[in-house]
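Proteins come first, then strands; the chains are lettered A, B, ... in the order of their sequence lines, and each starts at number 1.
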Amino acid sequence: MKRIYVIEDLCNGCRLCQTFCSSLKDGVFSEEARIKVIKIPGEERDIPIVDCNGRCLNPVFGDKTPTCVAVCPTGALIWEEQPQAIEKRLQWESARKTHSLFKIVAPWKWPFPWSQVDSDNENIEEKVGKR
Amino acid sequence: MSARENSVQKILRVDLSSRNTYTEVLPKEWTAKYLGSRGINARLLFNEVPAGTDPFGTDNILYLGTGPMDGLPTGNGRMSVACKGPRGSVAEGSFGGFFGPELRRAGFDYIAIRGKAEKPVYLFIHDGEAEIRDASHLWDLTTDKTDAALRRELADANVQLRYIGPAAENLVHSSVIMGNINNSGGRAGCGEVMGSKKLKAIAVRGTGRIRVADYPGFIEAYQMFRKRLDLATSRDPWTPVWSTYGAPVLARLFTDIGNLMTRNAQEMRWDEEKATRIGSEVYLDKYVTKGKACFGCPWPACQKLYQIPSGKYQGFKGGNYWAGQPVVFGSLIDNDDLDLILVLSGLCNQYGLDVFHVGYTIAWAMECYEKGILTREDTDGLELTFGCQDKDGLIDLVRKIAYKEGFGELLAKGCSEASKIIGHDSERFCLSVKGQELEGIAERNLYMVALGIAVSEVGPDHTRWYPPYPCNPNLMTKEELSSLGIDLDLRLAFQGRNPEEKGKLLRWFTISRAVIESLPGCVFLVRDTLGFDKRPWWQLFQSATGTALEYSEFLRAGERLMNLDRAFHVREGFGRKDDRVPIRMATEDVPFFNYPRITDDVFNHMLDEYYQENGWDLKTSIPSQEKLLELGLDDVAKSLKDISMESER
């Protein structure tokens, strides 16, 4: 079953996910949503906390992707079955080690080919360690 | 809590002298006429701050304004701050972050602060309530410490803050209002005015809800808007680069084409290796710890947080390395040490100093030192040379500027005032307009920039007519532009050193950016066709507020704002004589590239075109009665009717 997975380090704290989610029920924008981005006082971290099965009442971008995932600009939110989610996570772990751009955006969000910078892509597990 | 309707805009009035606060509802028709944020701030400023008001007196009013799109995903947390500035005209700027949405959820759209507190205070606004609280314990704290102290005191991680640092408390020229430690706004003097009122900070917390008038319409418009800005779907190849690497990526390109101000703009070309050492790639590789965004931004990481990983300044943290810092703390003072750039700009944020004021004034002082006008006796023993041999001395100089200590007291006045004090013809290389330092963008190779910095009422501010650089003229055909009511030849308009069409292009950019800043929205989000096609914003605005407006009327709100700013400006005695470029740009050619100086003929040609297109008097720049009446600004027309100004042409 597909679920919403989170890569916390990619969250930039924009709150698009939370803001759109809050509006889905009755068209009113607020802080109250099934995904909340929390902050730890004194720390520069943005942490999305999801309490949702991903089946939006009224998805903004198409029928198949949850709204929060669709509006996320960095790729911090993933909507996949578990094996594919692991694959994507590993793809990002590998990408960020080969190019600093992927500290701030997921490779699948970047429109230009990125595999050129990671010619050793197939040895992904070696790079990030065995699961 | 019930949801607030988006068509009603409320203002919180605060009098710091009497410690009174009360709320007013603004006239409903203002939403269609001035939209919100910067537009309504300009209307309020013109109405309530008469000519001749002392900028540091009790009658000057500091406005902070959100608008009907703030708190919605397209508002980007932008808000406008405005007052009468210490240089005598409009002081207005805007910043992003999260304060605007929080203020709207707390039930207010605007804050108007008049009077002066007897001792330092801060304002705490929470869900419809406002309190003036003692801030004696916060006074003199740097912005990072103020942020931490207030968050501890209010014990709420979601509270949003705006504050000033020691520089604004000490009324240092051009000091800014800060938020989230790294977001600054109001460099034309809003920080100084806030300091003069002894208002250290504003804290806000709101849990309210905002209802849009037509939700399906809003979502449809958002999809159109997002498609043009998304990394994957934007037709503008610059979108992904700009939204991740950011503006410092331009440093290396600019040194190749004569756009990089070097050694106080004596040259416009820097060593390419130096430019590479301070560029975006190095910054991202070595320094960036995390991407950051303002509220609801569709871009991954226009802002980024950094930490210096090693060396003498190891562990120093900050954020927002953008277009200004590589110039003002890099090429302008001939410094290719990125550690030093990040420390200097980080310290400016901590003291609440404007990086452009500090960078340009130090560069001016370095040129004075190079020419023997200033000596080590004047600089408290500091070897103030281009190339920055004495890095610690330079770091200490930033502190001295913030506290007006020793040599810092002279530089705290800004290069315009300082050059008048020092004399020896040093005004010739002071790079400022209307007493406000430049922002690092080339004039002699980009004539629209020359015109833009000259005519801006708030002093040089490229966000009023962003983007300063030519866009791809093929994005829209002449026919497509005509269908949007834009009569422009883009190929001609984007030719850097050709004065033709510059007045028309600047007029379009000024009006359309005024519209965006009044919604509010972020003027950086004008990639793809959005630079010229404002219909997505128009539809977002209509669906969010339920205000039906013709597209031409929507744009007319921007023209109204542009005329309100100019009306305030001329009412204070400014006019054509003040719309100038810095002396260096008008008298010196660009070495190596042989770009000529901006001659009077070229400049006057552009200025005439701009005034003429605007319906302003060619000799004085006063908006014509016909234009003001056409815009429905009858009261403004009446108040300008008897203004006389000698011909300045």
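- A salt bridge between B/R205 and A/E31 is present, with a side-chain N of the basic residue lying under 4.0 Å from a carboxylate O of the acidic one.
- Considering every non-hydrogen atom in both A/C14 and B/A293, the closest pair reads CB-CB, 3.9 Å.
- Only the backbone of A/C72 comes within contact range of chain B, judged by heavy atoms closer than 4.5 Å.
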Checking A/I104 against B/L284 for the side-chain contact (heavy atoms from CB on, under 4.5 Å) test, could you report, in this order, the C-alpha distance in whole Å, the side-chain angles of both residues, the deciding distance, and whether it holds?
CA-CA 9 Å; A/I104 55 175; B/L284 201 53; 4.0 Å; yes

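- Proximity of a side-chain donor or acceptor of A/N12 to a complementary backbone N or O of B/A301 within less than 3.5 Å is not detected.
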For A/V71 and B/R226, what are the C-alpha separation, side-chain angles and deciding distance, and is it a side-chain contact (heavy atoms from CB on, under 4.5 Å)?
CA-CA 9 Å; A/V71 297; B/R226 182 67 187 261; 3.9 Å; yes

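- For chain B, no part of A/S22 is nearby; none of its heavy atoms comes within less than 4.5 Å.
- Relative ring orientation between B/Y215 and A/F29 is described as tilted, the plane-to-plane angle lying within the 30° to 60° band.
- A cation-pi contact, defined as under 6.0 Å to the ring centre and within 45° of the axis, links A/R15 to B/F98.
- Across B/P73 and A/T19, no two heavy atoms sit closer than the pair CG-CG2, 4.0 Å.
- B/Q307 does not touch chain A: none of its heavy atoms, backbone or side chain, sits under 4.5 Å away.
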Report the C-alpha separation of B/K292 and A/D46 in whole Å, then their side-chain angles, then the decisive distance to 0.1 Å, and conclude whether the side-chain contact (heavy atoms from CB on, under 4.5 Å) test is met.
CA-CA 9 Å; B/K292 276 302 286 176; A/D46 299 288; 3.2 Å; yes

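- Neither the backbone nor the side chain of B/K317 comes within less than 4.5 Å of any heavy atom in chain A.
- Interface remark: of the candidates B/P240, B/G206, B/S280, B/G319, B/P240 forms the most heavy-atom pairs closer than 4.5 Å to chain A.
- Here A/K39 does not pair with B/D156 in a salt bridge; the nearest charged N to carboxylate O distance is not below 4.0 Å.
- Between B/D230 and A/K109 there is no salt bridge, since none of the side-chain N atoms of the basic residue sits less than 4.0 Å from a carboxylate O of the acidic one.
- Contact check on A/E44 versus B/K290 returns no salt bridge, with no Lys/Arg side-chain nitrogen under 4.0 Å from an Asp/Glu carboxylate oxygen.
- Interface remark: B/I210 contributes backbone and side-chain atoms alike to the contact with chain A (heavy atom separation under 4.5 Å).
- When the candidates B/N76, B/L229, B/L231 are compared by the number of heavy-atom contacts under 4.5 Å with chain A, B/L231 comes out ahead.
- Interatomic distance, OH of B/Y222 versus CG of A/L16, reported as 4.5 Å (0.5 Å rounding).
- Atom CG of residue B/L72 and atom OG of residue A/S23 lie 9.5 Å apart, to the nearest 0.5 angstrom.
- The 12-atom threshold is exceeded at NZ of A/K2, counting heavy atoms of other residues, nucleotides or ligands nearer than 6.0 Å.
- Between chain B and the options A/G75, A/P73, A/G13, A/C11, heavy-atom pairs under 4.5 Å are most frequent for A/P73.
- By the 6.0 Å contact criterion, CD on A/Q82 is open, its count of non-hydrogen atoms from other residues, nucleotides or ligands being 12 or less.
- Taking a 6.0 Å sphere around CZ of B/R151, one finds it holds more than 12 heavy atoms contributed by other residues, nucleotides or ligands.
- Ranked by heavy-atom pairs shorter than 4.5 Å toward chain A, the options B/A157, B/P298, B/A232 are led by B/P298.
- Applying the 6.0 Å contact sphere to CZ of A/R34 captures no more than 12 heavy atoms from other residues, nucleotides or ligands.
- Put simply, of A/A76, A/G27, A/C17, the one with the most heavy-atom pairs under 4.5 Å next to chain B is A/G27.
- Contact tally against chain B (heavy-atom pairs below 4.5 Å) for A/V105, A/I38, A/L101, A/T74: the top residue is A/L101.
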Chi angles and distances behind the side-chain contact (heavy atoms from CB on, under 4.5 Å) call for A/D26, B/R209:
CA-CA 11 Å; A/D26 55 6; B/R209 309 163 77 224; 3.1 Å; yes

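- Between the NZ atom in A/K103 and the OG1 atom in B/T244 there is a gap of 12.5 Å [rounded to 0.5 Å].
- Looking at B/I219, only its side chain comes within 4.5 Å of chain A, counting heavy atoms on both sides.
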